[in-house]
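Have a look at the structure below, then the notes.
Chain letters run A, B, ... following the sequence lines, proteins first and then strands; every chain starts at 1.
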Protein chains: 2
Amino acid sequence: MDMERSIAALNNPIRRKILEWLKDRANFPPALPEHADLEGVCVGYIQEKAQLSQSTVSNYMGLLKQAGFVTAERHGQWTFYRRNEDNIRAFVAAMRTELQHLP
Amino acid sequence: MDMERSIAALNNPIRRKILEWLKDRANFPPALPEHADLEGVCVGYIQEKAQLSQSTVSNYMGLLKQAGFVTAERHGQWTFYRRNEDNIRAFVAAMRTELQHLP
DNA sequence: TCCATATTTCGAGATTTTTCGATATTTAGG
DNA sequence: CCTAAATATCGAAAAATCTCGAAATATGGA
């Protein structure tokens, strides 16, 4: 759990938005039929919503991945990103422990 | 609750350390007798622990204050900073709500 | 093999953040 | 009023981040 890297990854409103969008696949266009069974969302769909250049979004996803908030899975030409709920929970817990003055 | 400003304020290891130090007055030198009844810690003591220039620490405390994590109280020449536990709790809760995928 | 598509990586200019020393401000005390 | 002490503010250089377009890589299909 690298707090430094995690907080840096969250220190950007679009990156935080992406994490929120990924809570629900329905926030993105329907998957292609051949991807129907796959978890996660491909970069192109995320880019479309983020309204940023493709390379910027790829960079963003790399930062979120390094921070452990998402995992990436390649399927053919596509990379599917999805939230890593365990790591996200662990980060929230760590923040709470570090910030809050617990008795 | 300005998440943008709050996260930016936390996006620095020394600023986070300062918030941790402020959990316990005992992390700093004993207060002067005439300050014995006052909550909070003066900038000089924080600077001593942070090992950064006076202006940097003053700037840091300003950022933490703007984010709502601390409050400042002037007493004579001194400014005493202390944690705002309510706001810190509120921020942790907001982070949890924003990040975690709650059912 | 060649091409099209999806994504990553690279290089660079623009912007923001960091951090400092110098200066200004505030207050206490003589 | 004058000085000293604590803190805040200002201005600037260095470092980091943001964001893009171009180029490189990976994959699937004709």
Side-chain angles (χ1 to χ4, degrees), chain A residues 2-19 22 28-35 38-67 70-82, chain B residues 2-19 22 28-35 38-67 70-82:
Chain A
D2 183 339
M3 288 302 264
E4 209 48 36
R5 183 165 276 185
S6 299
I7 294 175
L10 295 177
N11 190 31
N12 175 294
I14 304 295
R15 285 196 293 268
R16 290 204 306 283
K17 269 291 169 209
I18 291 173
L19 279 183
L22 288 176
F28 300 93
L32 300 175
E34 63 266 39
H35 297 149
L38 295 177
E39 296 274 332
V41 178
C42 66
V43 178
Y45 285 175
I46 300 173
Q47 187 204 341
E48 206 173 313
K49 268 193 89 90
Q51 295 273 78
L52 289 168
S53 80
Q54 191 272 325
S55 59
T56 296
V57 173
S58 184
N59 172 28
Y60 278 16
M61 298 317 294
L63 295 174
L64 291 173
K65 183 180 158 192
Q66 282 180 38
V70 299
T71 58
E73 214 169 311
R74 259 252 172 194
H75 286 274
Q77 325 159 250
W78 293 274
T79 303
F80 291 84
Y81 285 96
R82 65 171 147 160
Chain B
D2 183 340
M3 287 301 263
E4 208 49 36
R5 184 164 274 186
S6 298
I7 294 174
L10 295 178
N11 189 31
N12 175 294
I14 304 295
R15 285 197 293 269
R16 291 204 307 282
K17 268 292 169 206
I18 291 173
L19 279 183
L22 288 175
F28 300 92
L32 299 175
E34 63 266 39
H35 298 150
L38 297 177
E39 296 273 333
V41 178
C42 66
V43 178
Y45 285 175
I46 299 172
Q47 187 204 340
E48 205 172 314
K49 268 194 88 91
Q51 294 273 77
L52 289 167
S53 79
Q54 188 271 322
S55 61
T56 297
V57 173
S58 184
N59 173 28
Y60 277 17
M61 298 317 294
L63 295 173
L64 290 172
K65 183 180 157 190
Q66 283 180 39
V70 300
T71 58
E73 213 170 311
R74 259 252 171 192
H75 286 274
Q77 326 158 248
W78 293 273
T79 303
F80 291 83
Y81 284 97
R82 66 171 146 160

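Without hydrogens or angle criteria, R74(A) side chain to G76(A) main chain gives a donor-acceptor distance under 3.5 Å. Side-chain N or O atoms of Q47(B) include one that pairs as donor or acceptor with a backbone N or O of L52(B) at under 3.5 Å. In this structure, Y45(A) contributes its side chain and P30(A) its backbone to a donor-acceptor pair below 3.5 Å. R16(B) contributes a side-chain N or O that, together with a main-chain N or O of L10(B), makes up a donor-acceptor pair within less than 3.5 Å.
Side chain of T56(A), nearest nucleotide from dT19(D), dC20(C), dT9(C): dT19(D).
Between H75(A) and L52(A), the residue whose closest nucleotide on DNA chain D is further toward the 5' end is L52(A).
Atom CD in E73(B) sits roughly 14 Å away from atom P in dT27(C) (whole-Å rounding). For the pair Y60(B) OH and dT9(D) P, the computed distance is 17 Å after rounding to whole Å. Atom CG in L64(B) sits about 12 Å away from atom P in dA8(D), given to the nearest Å. Atom CD in Q51(A) sits about 14 Å away from atom P in dT19(D), given to the nearest Å. Atom-to-atom, CG of L10(B) to P of dT18(C) comes out at 12 Å; the value is rounded to the nearest Å. M61(B) has its CE atom 12 Å from the C1' atom of dT7(D), to the nearest Å. The CD atom of E34(B) sits 13 Å away from the C1' atom of dG29(C) (whole-angstrom rounding). The CG-C1' distance, from N11(B) to dA16(D), rounds to 11 Å in whole Å.
Among the heavy atoms of the strands lying under 4.0 Å from N59(A) is at least one base atom, whether or not backbone atoms are also near.
Between I46(B) and M61(B), the closest heavy-atom pair is CD1-CE, 3.9 Å.
Note that the OG atom of S6(A) and the CD atom of Q66(A) stand 10.5 Å from one another [nearest 0.5 Å]. Remark: I7(B) CD1 to R5(B) CZ distance equals 13.5 Å, nearest 0.5 Å.
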Extract from the structure each pairing of a protein N or O with an N or O of nucleotides 3-7 of chain C at less than 3.5 Å, listing the distance.
unit_1, atom_1, unit_2, atom_2, d
dT5(C), O2, Q77(A), NE2, 2.7
dT7(C), OP1, V43(A), N, 3.1
dT7(C), OP1, T79(A), N, 3.4
dT7(C), OP2, G44(A), N, 2.8
dT7(C), O3', T79(A), OG1, 3.1

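Counting distance only, with no hydrogens placed and no angle test, the side-chain atoms of S53(B) and the base atoms of dG21(C) include no donor-acceptor pair under 3.5 Å.
Between N12(A) and the phosphate of dT19(D), there is a side-chain N or O to OP1/OP2 separation shorter than 4.0 Å.
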